[in-house]
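First the proteins, then the strands, lettered A, B, ... as listed; each starts at 1.
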Amino acid sequence: MFSPVEGQVSFPKLEEATLRFWKEQAIYQRSLDQREGAPPFVFYEGPPTANGMPHPGHCLTRTIKDVFPRYKTMRGFRCERKAGWDTHGLPVEVEVCKELGIHSKEEIEAYGVEPFIQKCQKSVWRYMREWERLTERLGFWVNLDEAYVTYHESYVESVWWSLKQLFDRDLLYQGHKIVWWWAQGGTALSAGEVGQGYRQVADPSVYVKFPLVDEPDTSLLVWTTTPWTLPSNQFAAVHPEIEYATVLVVREGNHGDTESTEDGAEKLILAKDLVEVLAEKTKLKLEVVSTCTGRDLVGKRFMPPFDTYSTLSAKEFFSIGDGPQGAPFDDTPLFDLKSFITKDSLSKESKHIGWRIVPAVFVTTASGTGCVHIAPAYGEDDYNVWFFEVFDPFGGYCNPPLMNCVGPDGKFTDYAPEFVRGRWVKDCDKDIARNLKERGLLFHQEQYLHDYPFCWRAEEDPLIQYPRESWFIKTTAFKDAMLENNQAINWMPEHIKAGRMGKFLESNVDWALSRERYWGTPLPIWQCDETGQQEAIGGYDDLLAKPGVAGTEVWEEAKAADPTLPDDLRVHKPYIDAITYDSPFEKGARMSRVPEVIDCWYDSGAMPFAQWGYKGEGRGTGDAGRGNSEPGSVSSRSEAAEKFANQFPADFISEALDQTRGWFYSQLAISTMLWGAQPAGNPQSEIPNPQSPRPTPPVPHPFKNCIVLGLMLGEDGQKMSKSKRNYRDPAEIFDLYGADALRWYLLTNQPPWSSIRYSEQAIKDSIPEFLLRLWNCYSFFVIYANIDGFDPKAELSGAKPPSPLGGGARGGGTVSPGVDSSCTTAANSTESTSKTPSAGRVTPSPNPSLQGRGIGADRFAAAESYRPIADRDELDRWMLSELHRTVALVTERMDAYDNFGAGQAITEFVDGLSNWWVRRSRERFWSKDKRSADKLDAYWTLYECLVETSKLIAPFTPFLAEAMWGNLAGVFLQENGGDAALASVHLADYPEADASLIDEALSERMGLVRLIASLGLRARQEASLKVRQPLAKVEVILASTEHQAWLAEHAGVIAGELNVKAVDFSDEPEKYVDHEVLPNFKLLGKKLGKLMPKVKQALNAQSGSELLANLRDNGQIDLVVDGQAVQLTPDEVEVRIAAKPGWAAANDRGVVVVLSTELTPDLVREGLARDLVRAIQDRRKEIGCEFTDRIEVGVETDSDDLRGAIEQFGDYIAGETLADKVTPASITGAEEIAINVGEAASQLGVRVVR
RNA sequence: GGGUGCAUAGCUCAGUUGGUUAGAGCGCAGCCCUGAUAAGGCUGAGGUCCCAAGUUCGAGUCUUGGUGCACCCA
């Protein structure tokens, strides 16, 4: 017996019970154990941060991350799923600051770094419980118990190890990062903070003349909206491809005699396209003298607008800043300094250090002059120009300092022109313009309206772009390698590859690694306090092993004072900063750590190896410095190496679109740098990594397939926001609708990469649309199987259930030898495949270790009552063909990571099962003969479909699948031993399609049957003929007679569905339909080209019947178009038919169904009988009859027709309603109710017979 | 300002290598069926396929330009 199915199912309740079952039975762990030794399917969890509350968007990510590992596990792979948590970074600090009511770095310092980071560490887990609950309740199977955590010591050390690799290969360097700087607060703002503070303001916009050194009276005309940056000018940039014009300025009064007046002959260079615009603005005539491209201007030298730096001597200039004194420069004025000394400057073409025209592709002619003033300290583009023109990342202290006459307080320093010194830069714009005007350098001035960022904490403070010292990773050296790696990744959607990610990689700039913050992985670089020389440390033990190490007591004392402090904190600020050691570079000097922590994106990108604490391949492979590590570390280190080797690269990852430049990039970059082919041109980086002897892995790595999810928007189409309340808390969704409803909605409503709008209604709708529909099929099966005592286990063991009607068509009681005792072992299932040949599998399992876990057709075939599919009814063959077609499609789609396509296939299948197979098969379940072959076929067919469906949907809706499986397969479960998969569908193997059972022709034909039925119903409606009223016949006319013979043989289904006595395939279609012959555009387009429209006209002009006759008689249609003979073959035309007016008919897609509307008295009485049956059935339900209760019926009526119907169809009525007696008069013991049968009002009494 | 996407029914979205009648689900309206029944079926109304130009015998689909929205980067 199957457990009875509740009439009113509550999916949330069902799911809670399933969760308990999974937990108690450790199903997830068993699903892994079961695949011990199987090929791995590697999944990486992109770490979320538990520092904020999860919302429905996270449900999408976690659903996608769950469905494929579940699927692959069922397909025979071992898929470990190590969870992870992203724990470092600014958002954590901001949370803690909020809690403390403080903002600035000064305030943090004042509060104390030590207590601050202790608070950060605790804050990281603030919403941990919510995240764990969400993860579990959604059914996301992931190993939370052994999650990696980015602040853990082993993780931090693994990151250190990787940074040491980069440092030792000269891929880490110090430079500047131009940041948005809040001068008054003395801190940089993150992109998010800057974004909040944009306001529209009017700034001065100045057009300044930069006189050319070698061309008298000619100036480059540059444009800027930040006059205060002009004293730090170093270059002017032009676009190499843009056309520039040299114009003569014609002022009033000097027109015509410019050549004679030396002073008035003023020439300017600007973009040709902007000459008119500028002439209009200045009301001056600008005569174009000559033109050239930007490239021709490159290299020309100009006089800077201020002599701030140009008049300094090289010696003075190079000693600016903190760098060591004594660099080998002389008294040459900087303006004249040609070339400067760096370690590879000898190979470089010598160039002046500044005040020359340089090319830059970011220059546009959208506004200004097409000539851009470059002050490298105050803009990222500007800085990049400088970086490219004069900076050598590894030039050390010989590199020129940035020209920057503004202090971090936003005020001009002593290097600036005297009239602005000590003043806030933004206040000086006007004075600077006035000064330029006085010196004749200002050509034009105006107001410029644009968006400019202000500090979100101090609204009156404008931000400025300002350089900060920063550490960089030389990712640009790996641009080609990253592009190659990217090329090999299977991005979904595909446009990410060449689009967002490809474009991003092509414009790659070096990774700004460091952050001047507190809660992050400390940058593991120690610097000599005498010489400034540096080295990287690859692990905490390595640090302790350094000579003269000191400062460890700071941590030890903190730990002694508070033993609850996690040991992981010892590798964090401020404890790690306290540790110093003897400098190997200078006797007596000490090494101490640089103050920065690193970008937490680096943490996440290091996850492929850091999650295992990987620190190289183990001892003896170049790790000579370590002599005193603990004995245990060797094995753990090699264990990490083994784990890493086994779980790299990932087969599958997924996150939302915003991770393109986040986690997707950080992983790609780090993996390419550590393990990819090394770039040429950087001698150090070509040295093979001594600690990583593993061969360069084939691209792509570290992930092969990546689904890039769309962003989820709130109900109103806006960004999801807590304050707008445009979404519901996931926990409530689970309680109201259940996780399966949410999962199904997320997985099948749209391709995962289209941006998705949270829709509560759509989540709700997935219940009736899919979950409940399937549940009804399942419930239908269980109800009847229990009534009839259909028990597949009993069928298989040969012990036939008692058969009141003396057994079915095949007789009963015989026992199949060899199947009774071993039917639940996996081994047996392979033996029994002889009945259903396994040849021709559509999607062979990738894993030979699959053993057909769980139950399926292979096993059922051993039952006596299980007839070969070929012997069964057309409807059953069709359903099983659909099943296998669906299995093939779903596996094919899922192998291609297309959950959406797979889901659609499942939906279609369940629709067919529910709305066609069950609908058309109901009567078979009502038949009295419990052992008839037809009835048993129906049971086996439905049972098999439901069992396979529960496996099919297991990755999508794991709870519903488990509930169905638990009952359907549960009958096979033995007390001890047997196939473990019988306990949980998630331990079963995924279904495999049997190609021999797929019958495409049958599919097509059944589609036609459904079409005919649908058309018949439509025709009935138009003629107002209820389906309950039987009709004599329908005529079916087909445009193509290909399937007519088959349909004629299987007209029973149509007749039943349409309630007609006969289905005729008309041999005189002309009576009912008009023919229309249309060209097949696809075929004829190529053949006819421009004649096409005329051929269409010609076909229109003739009658369809004539053309058809032509086609029948000659095998082709002959036309003359434009005097040209045109022949059309049958393939090249399409014949359409339409019902002639005057018939109760409907037509669509080449099928016309015509109703015979004539009603005989017999038909009328039969219709009344059926109507009465309906009324009695309604009554049965009203008085609470069980399905099997027998009744007595009395009908009192004035209608002769109805009395006649009861007389004529009494047996039919009794049979349909399980009535012992149907009397055409009132009966005793039954309440009489009024009913409407036919036109007449009557009284009905129904009484249960006890 | 740049890059990348998206724009189709009231809503959410499909729409193949270009093929002439643009589909589905929900919602709405009407009808039907009902021994799965707080399900199910049929039908209807509802469209400037964002706009414009181009390529083509033919454009929702391809090209160019524009508009709007989103994300990323400035």
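With hydrogens and angles ignored, the 3.5 Å screen pairs no side-chain donor or acceptor of S766(A) with any backbone N or O of L742(A). The closest donor-acceptor contact from the side chain of T226(A) to the backbone of T229(A) lies at 3.5 Å or more, if one exists at all. With hydrogens and angles disregarded, a donor-acceptor distance shorter than 3.5 Å links the side chain of R1180(A) to the backbone of T1217(A).
Nearest to the side chain of K503(A), among C57(B), U4(B), A36(B), sits U4(B). Side-chain proximity of R500(A) to U4(B), G40(B), A36(B): nearest is U4(B). For N776(A), whose side chain is taken as the heavy atoms from C-beta onward, the closest listed nucleotide among G40(B), A36(B), U4(B) is A36(B). Distances were taken from every side-chain heavy atom of H495(A) (C-beta onward) to each of U4(B), A36(B), C57(B); the shortest belongs to U4(B). In the set G41(B), C71(B), A36(B), the nucleotide with an atom closest to the side chain of L657(A) is C71(B).
Close to C33(B), at under 4.0 Å from its OP1 or OP2, lies a side-chain N or O of R1028(A). Listed pair N749(A) / U12(B) fails the phosphate criterion, with no side-chain N or O lying under 4.0 Å from OP1 or OP2. In this structure, Y778(A) does not reach the A36(B) phosphate: none of its side-chain N or O atoms is under 4.0 Å from OP1 or OP2. Regarding contacts with the backbone of A36(B), a side-chain N or O of R922(A) is found under 4.0 angstrom from either OP1 or OP2.
Using a 4.0 Å heavy-atom criterion, one finds that K1096(A) contacts the bases of the nucleic acid, with or without backbone contacts as well. The residue V1095(A) sits apart from the nucleic acid: no heavy atom pair falls under 4.0 Å. S914(A) comes within 4.0 angstrom of a nucleotide base, judged by non-hydrogen atoms across all strands. At the heavy-atom level, R1170(A) lies under 4.0 Å from the strands shown only through sugar-phosphate atoms. No engagement by G502(A) is indicated, since no non-hydrogen atom pair under 4.0 Å with the nucleic acid exists.
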Protein and nucleotides 26-29 of chain B: nitrogen or oxygen contacts under 3.5 angstrom:
from	atom 1	to	atom 2	distance (Å)
C26(B)	O2'	D765(A)	OD2	3.4

Look for any protein N or O under 3.5 Å of an N or O in nucleotides 42-45 of chain B and output each such pair with its distance, or none.
from	atom 1	to	atom 2	distance (Å)
C42(B)	O2	Q1021(A)	OE1	3.1
U43(B)	OP1	R1018(A)	NE	3.4
U43(B)	OP1	R1018(A)	NH2	3.4

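Taking the C1' atoms as reference points, G41(B) lies 23 Å from A14(B), given to the whole Å. G68(B) and C50(B): their C1' atoms are spaced 8 Å apart (whole Å). Across the P atoms, G27(B) and G65(B) are found 43 Å apart, a figure rounded to whole Å. To the nearest whole angstrom, the two P atoms, one in G44(B) and one in G23(B), are 12 Å apart. For the P atoms, the distance linking C49(B) with C11(B) amounts to 16 Å, nearest Å. The same atom, C1', is picked in C72(B) and in A59(B); the two are 32 Å apart, to the nearest Å. Rounded to a whole angstrom, the distance from the C1' atom of C33(B) to that of A70(B) is 46 Å. Taking atom C1' in both G60(B) and G19(B), one finds a spacing of 13 Å when rounded to whole Å.
Taking the six-membered ring for Trp and the full ring otherwise, the centers of F780(A) and F925(A) sit less than 6.0 Å from each other.
Nearest-nucleotide positions on RNA chain B for D381(A) and N1080(A) put N1080(A) closer to the 5' end. Mapping A762(A) and A498(A) onto RNA chain B by nearest heavy atom places A498(A) at the nucleotide closer to the 5' end.
Under the 30°/60° scheme for interplanar angles, the aromatic rings of Y939(A) and F790(A) are found to lie parallel.
K1094(A) NZ: 12 or fewer foreign heavy atoms inside a 6.0 Å radius.
Side chains of Y1212(A) and E1166(A): a donor-acceptor N/O pair is absent below 3.5 angstrom, by distance only.
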Dot-bracket, 5' to 3', for RNA chain B please: Watson-Crick or G-U pairs under 3.5 Å, [ ] where pairs cross earlier ones, | where the partner sits on another strand, dots elsewhere. (((((((..((((.....[...)))).(((((.......))))).....(((((..]....)))))))))))).

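Summarising the geometry, atom CG belonging to L505(A) is positioned 13.0 Å from atom CZ belonging to R500(A); distances are rounded to the nearest 0.5 Å.
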Report the C-alpha separation of D911(A) and R1010(A) in whole Å, then their side-chain angles, then the decisive distance to 0.1 Å, and conclude whether the salt bridge (Lys or Arg N to Asp or Glu O under 4.0 Å) test is met. CA-CA 12 Å; D911(A) 178 69; R1010(A) 292 180 78 175; 3.6 Å; yes

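Considering W491(A), F504(A), W601(A) as possible partners of F664(A), the one that fulfils the ring pair (Phe, Tyr, Trp, His ring centres under 6.0 Å) test is W491(A).
With contacts defined as side-chain heavy-atom distances shorter than 4.5 Å, the pair V1095(A)/L1128(A) qualifies.
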